[in-house]
Visitor: 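Take this structure, written in structure tokens, and hold onto it; I'll ask about it next.
Here the structure is a predicted model, which means the values were calculated and not measured.
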Amino acid sequence: MTKAICCKNTEKEVDKDNIWSDDLFERQKVANNFTKIIESIEQPYVLSINSRYGSGKTFFLKRWAEDLKQKGEHVIFFNAWNCDFIEKPLIPFLYNFILQLKEQNLIKYGIQEDLKNCKEVFCIAVKEIIEKYSGLNVDILNDHKNPDTLKLPTIRTLTDYQELENILDNFKKGLFEITSKLNGKNIYVFVDELERCRPTFAIELLEAIKHLFGVKGLVFVLGIDREQLKHTISNIYGCGMDGEGYLRRFIDLELELPQPDIKKFTKYLQKSFEIVNEDNHKGSLTCGYDMFDTFFNLFALIYPMQLRDVEQIYAKFNVITKMFDENTNKIMPILAILLVLKTKDKSLYNQFTSENLSYKNIEMFLDKNIIQKLNDYNVFGKKQLLEQFKFTCMLFSNEDYKKILEKMYSEYSNSDINNIPQEIKDKMKAYKRVAESQNYYECFEVNYIEYLKNMISYIKSE
């Protein structure tokens, strides 16, 4: 069966029989270390796992949560993004909280069946909070079709404030009744993808966690992109707001998810997308898919990318490999840099033209925009790869290096070979190699830089 042209690397469900079977980046070790931290917590606590959006945070949190469950811990998992279409976050969060408590036999009632008839402290407090925050009677909540009517409690008098304080106090007492029966164990509440939510949704959920769930035995684990969440705070409160200080009000400890190995991921994507060459094309600068991978990983050093960025680039590369015959000239080093620049540096992408790759401009252009940026990276074979890249750019720059070489020979025809500067000799040698290869590849039939950009434009995703 032929592999589909347009496909994406879909997120796999957690294999409960082998949780870490698809763990490319040794995240299980990270989870084990983090588990030692959270198991030592003996007070209300909020911990964050900071990692950029698209870096594999959800993959990690889902498997860590399942790992804890299988070790006998009580875990609740809430994906905030899935409920972002609702104006106020408290009701969907409470719904998931109660549902998962019941699934783990920590409570006997649920919202849909018997919440309205329950007489336990926690249950009564939940009903009061729902009615206070939504203006709805729990008896008709299941039939209510417009969650956007949810609102913050209206406080007009001291009596209103006292009533709300009593409700919050009863709610916490009810939570403590549950956690106090766990023999010193915690309930770990995972909240994922906050940074993807609408600003008001994310902030109100954080506020609810702070004010309603600060109870011993409840440990919150927030999966966040801290920088993005700080922007969210600025969107709500203005650019002058100290987003860092605001987050410290909610988060007691922040942990970082280690950076993944991009090379491992690109190898995985090649296998997943079935991007495979015939043997006679391996190692080819023009058609070798392995060479695309080599040069992509080199240029990815200049433009650090999240896993999602890499996946999207390889999804485009997959379409190109499936749309065009394997023998079609794709000029892998240049295709790799163009796809990287298209994602990470649109301005330089637009500047990457045959004119800037002309023999008069190429040295300065590549040195400034590519080579200098790689100086600080120690990569095996970097010098050879950069020489290959420069050679390829010269080869397909639409310049006739045979004519350029003939002009140079003419200029130095009356000079003694020993009097020709070494720099000129080196250029002549390089130009001769390019000229010979240009004749082989018939490089003047098309403008190959524009040709590759047109190829990329077929799968434009913006």
Visitor: Would Asp309 and Thr343 count as a side-chain hydrogen bond (donor to acceptor under 3.5 Å, both in side chains) if you check the C-alpha gap in whole Å, the side-chain angles of each, and the deciding distance to 0.1 Å?
Guide: CA-CA 8 Å; Asp309 297 324; Thr343 301; over 6 Å; no
Visitor: Taking atom CD of Glu355 as the centre, does the number of heavy atoms from other residues, nucleotides or ligands within less than 6.0 Å exceed 12?
Guide: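 Open.
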Visitor: Can you confirm whether the side chains of Asn186 and Thr179 place a donor and an acceptor under 3.5 Å from each other?
Guide: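 Short answer, no.
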Visitor: Determine whether a donor-acceptor pair (N or O, by modelled atom type, separation under 3.5 Å) exists between the side chain of Glu399 and the backbone of Ser358.
Guide: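 Here the side-chain-to-backbone pair does not exist.
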Visitor: Looking at every heavy atom in both Thr392 and Ile334, which two are closest together, and how far apart are they?
Guide: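 The answer is O-CD1, 3.9 Å.
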Visitor: How about Glu66 and Gln70: does a side-chain donor come under 3.5 Å of a side-chain acceptor?
Guide: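 Yes, Gln70 and Glu66 have a side-chain donor paired with an acceptor closer than 3.5 Å.
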Visitor: Under the criterion side chain to side chain contact (heavy atoms under 4.5 Å, CB included), I'd like the reasoning laid out for Phe365 against Asn369: C-alpha separation, chi angles, the key distance, then a yes or no.
Guide: CA-CA 6 Å; Phe365 181 77; Asn369 295 298; 3.3 Å; yes
Visitor: Which heavy atom of Pro89 sits nearest to which heavy atom of Glu204, and what is that distance?
Guide: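 Taking every non-hydrogen atom into account, CD-OE1, 3.6 Å.
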Visitor: Where do Asn96 and Cys83 come nearest, in terms of heavy atoms and distance?
Guide: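 Minimum heavy-atom separation between Asn96 and Cys83: ND2-SG, 4.4 Å.
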Visitor: Tell me whether Ser410 contacts the main-chain N or O of Glu406 through its side chain, where contact means a donor paired with an acceptor under 3.5 Å.
Guide: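 No.
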Visitor: Should the heavy atoms of other residues, nucleotides or ligands under 6.0 Å from NZ of Lys382 be counted, would the total exceed 12?
Guide: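 Yes, because the 6.0 Å sphere around NZ of Lys382 holds more than 12 heavy atoms from other groups.
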Visitor: Verify whether the ring centers belonging to Phe220 and Phe250 lie closer than 6.0 Å.
Guide: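 No; Phe250 has its ring centre 6.0 Å or more from that of Phe220.
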Visitor: Is any NZ, NE, NH1 or NH2 atom of the basic residue among Asp84 and Arg196 found under 4.0 Å from an Asp or Glu carboxylate oxygen of the other?
Guide: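 No, this pair does not count.
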Visitor: Is it the case that over 12 heavy atoms from other parts of the model lie below 6.0 angstrom from the NZ atom of Lys16?
Guide: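 Count not over threshold, so no.
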Visitor: Under a 3.5 Å threshold, yes or no: a donor from one side chain and an acceptor from the other, between Gln270 and Thr266?
Guide: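 Side chains of Gln270 and Thr266: no pair found under 3.5 Å.
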Visitor: Should the ring pair Tyr268 and Phe265 be called parallel, tilted or perpendicular, given that the plane angle runs from 0 to 90° and is split at 30 and 60?
Guide: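 Parallel: the ring planes of Tyr268 and Phe265 meet at under 30°.
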Visitor: Step through the shown structure and confirm whether more than 12 heavy atoms of other residues, nucleotides or ligands are within 6.0 Å of NZ on Lys373.
Guide: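 Enclosed: over 12 neighbouring heavy atoms sit under 6.0 Å from NZ of Lys373.
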Visitor: Does anything in residues 323-335 pair up under side chain to side chain donor-acceptor pair (under 3.5 Å), and if so which pairs, sequence neighbours excluded?
Guide: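 Those involving residues 323-335 are Asn277-Glu326, His281-Asn327, Asp325-Asn327.
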Visitor: Keeping Asp23 on the side-chain end and Gln28 on the backbone end, is there a donor-acceptor pair under 3.5 Å?
Guide: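 A pair under 3.5 Å: yes.
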Visitor: Between Tyr448 and Tyr451, is the ring centroid distance below 6.0 Å?
Guide: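 Aromatic pair counts; centres sit under 6.0 Å.
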Visitor: Taking ring-ring contact (aromatic ring centres under 6.0 Å, His included) as the test, write out the residues that go with Tyr401, two or more places apart.
Guide: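 Partners of Tyr401 by the ring-ring contact (aromatic ring centres under 6.0 Å, His included) criterion, ordered by chain and then number, come out as Tyr431.
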Visitor: Check whether the side chains of Asp367 and Gln372 place a donor and an acceptor atom closer than 3.5 Å, and report yes or no.
Guide: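 Result is yes, a qualifying pair exists.
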Visitor: Check step by step if ring-ring contact (aromatic ring centres under 6.0 Å, His included) holds for Phe60 and Phe25.
Guide: CA-CA 10 Å; Phe60 171 73; Phe25 310 118; over 10 Å; no
Visitor: If you apply the rule side-chain hydrogen bond (donor to acceptor under 3.5 Å, both in side chains), what do you find for Asn318 with Lys322, and how did you get there?
Guide: CA-CA 6 Å; Asn318 173 59; Lys322 303 296 191 293; 2.5 Å; yes
Visitor: Given the rule in the side chain to side chain contact (heavy atoms under 4.5 Å, CB included) test, do Phe296 and Phe317 qualify, once you have shown the distances and angles that lead to the verdict?
Guide: CA-CA 11 Å; Phe296 172 83; Phe317 180 52; over 6 Å; no
Visitor: Please report the C-alpha distance between Val379 and Leu374 in whole Å, then the side-chain angles of each, then the deciding distance to 0.1 Å, and finally whether the side chain to side chain contact (heavy atoms under 4.5 Å, CB included) criterion is met.
Guide: CA-CA 9 Å; Val379 180; Leu374 284 166; 5.8 Å; no
Visitor: Enumerate, atom names and distances included, each donor-acceptor pair closer than 3.5 Å involving a side-chain atom of residues 33-40, sequence neighbours excluded.
Guide:
unit_1: Asn33; atom_1: ND2; unit_2: Lys29; atom_2: O; d: 3.3
unit_1: Thr35; atom_1: OG1; unit_2: Ala31; atom_2: O; d: 2.8
unit_1: Thr35; atom_1: OG1; unit_2: Trp64; atom_2: NE1; d: 2.8
unit_1: Ser40; atom_1: OG; unit_2: Ile37; atom_2: O; d: 2.6

Visitor: Checking Arg248 against Tyr246: charged group under 6.0 Å from the ring centre and within 45 degrees of the axis?
Guide: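 No, a cation-pi geometry is absent between Arg248 and Tyr246.
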Visitor: Taking everything shown except Lys432 itself, do over 12 heavy atoms lie less than 6.0 Å from its NZ?
Guide: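 Atom NZ in Lys432 is not packed in, count stays at 12 or less.
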Visitor: Which donor-acceptor pairs under 3.5 Å do the side chains of residues 300-308 make with protein atoms, sequence neighbours left out?
Guide:
unit_1: Tyr303; atom_1: OH; unit_2: Asp345; atom_2: OD2; d: 3.0

Visitor: Is there a side-chain hydrogen bond (donor to acceptor under 3.5 Å, both in side chains) between Glu256 and Asn50? Walk through the geometry before answering.
Guide: CA-CA 5 Å; Glu256 294 279 342; Asn50 181 43; 2.9 Å; yes
Visitor: Is it the case that the side chain of Asp252 and the backbone of Val46 share a donor-acceptor pair, with hydrogens and angles ignored and the cut-off at 3.5 Å?
Guide: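 Side chain of Asp252 to backbone of Val46: a pair is present.
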Visitor: Under the criterion side-chain hydrogen bond (donor to acceptor under 3.5 Å, both in side chains), I'd like the reasoning laid out for Gln351 against Ser347: C-alpha separation, chi angles, the key distance, then a yes or no.
Guide: CA-CA 6 Å; Gln351 295 174 50; Ser347 175; 3.2 Å; yes
Visitor: Regarding Glu207 and His211, is there a side-chain donor-to-acceptor distance under 3.5 Å anywhere?
Guide: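 There is such a pair (donor and acceptor under 3.5 Å, judged by atom type) between the side chains of Glu207 and His211.
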Visitor: Who are the salt bridge (charged side-chain N to carboxylate O under 4.0 Å, His left out) partners of Glu244, not counting sequence neighbours?
Guide: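 For Glu244, the residues satisfying salt bridge (charged side-chain N to carboxylate O under 4.0 Å, His left out) (neighbours in sequence not counted) are Arg226, Lys230.
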Visitor: Only one of Phe201, Phe77, Phe78 clears ring-ring contact (aromatic ring centres under 6.0 Å, His included) with Phe93; which?
Guide: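 Exactly one option meets the ring-ring contact (aromatic ring centres under 6.0 Å, His included) with Phe93, and it is Phe78.
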Visitor: Check the side chains of Asp192 and Thr58 for a donor-acceptor pair under 3.5 angstrom, ignoring hydrogens and angles.
Guide: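 The criterion, which ignores hydrogens and geometry beyond distance, is satisfied for Asp192 and Thr58.
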Visitor: Carefully, step by step, assess Lys282 and Asp290 under the rule salt bridge (Lys or Arg N to Asp or Glu O under 4.0 Å).
Guide: CA-CA 6 Å; Lys282 289 180 179 178; Asp290 59 328; over 6 Å; no
Visitor: Does one side chain, of Asn79 or Glu193, offer a donor that lies under 3.5 Å from an acceptor on the other?
Guide: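 Yes, a side-chain donor-acceptor pair sits under 3.5 Å.
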Visitor: Are the ring centres of Phe292 and Tyr314 closer than 6.0 Å?
Guide: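 When the ring centroids of Phe292 and Tyr314 are compared, they turn out to be within the sub-6.0 Å range.
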Visitor: Could you check Phe324 against Met455 for side chain to side chain contact (heavy atoms under 4.5 Å, CB included), going step by step and ending with a plain yes or no?
Guide: CA-CA 9 Å; Phe324 298 92; Met455 187 183 288; 3.3 Å; yes
Visitor: For residues 420-430, dump all side-chain donor-acceptor pairs below 3.5 Å to protein atoms at least two apart in sequence or in another chain.
Guide:
unit_1: Gln422; atom_1: NE2; unit_2: Asp426; atom_2: OD1; d: 3.0
unit_1: Lys425; atom_1: NZ; unit_2: Ile417; atom_2: O; d: 3.2

Visitor: Would you say Asn378 has more than 12 foreign heavy atoms packed within less than 6.0 Å of its CG?
Guide: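 Open: at most 12 neighbouring heavy atoms sit under 6.0 Å from CG of Asn378.
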Visitor: Counting only heavy atoms not in Lys264, do more than 12 fall under 6.0 Å of its NZ?
Guide: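 Atom NZ in Lys264 is crowded, with more than 12 foreign heavy atoms closer than 6.0 Å.
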Visitor: Does Asp22 reach the side chain of Arg63, with side-chain heavy atoms less than 4.5 Å apart?
Guide: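 Yes; the side chains approach each other to less than 4.5 Å.
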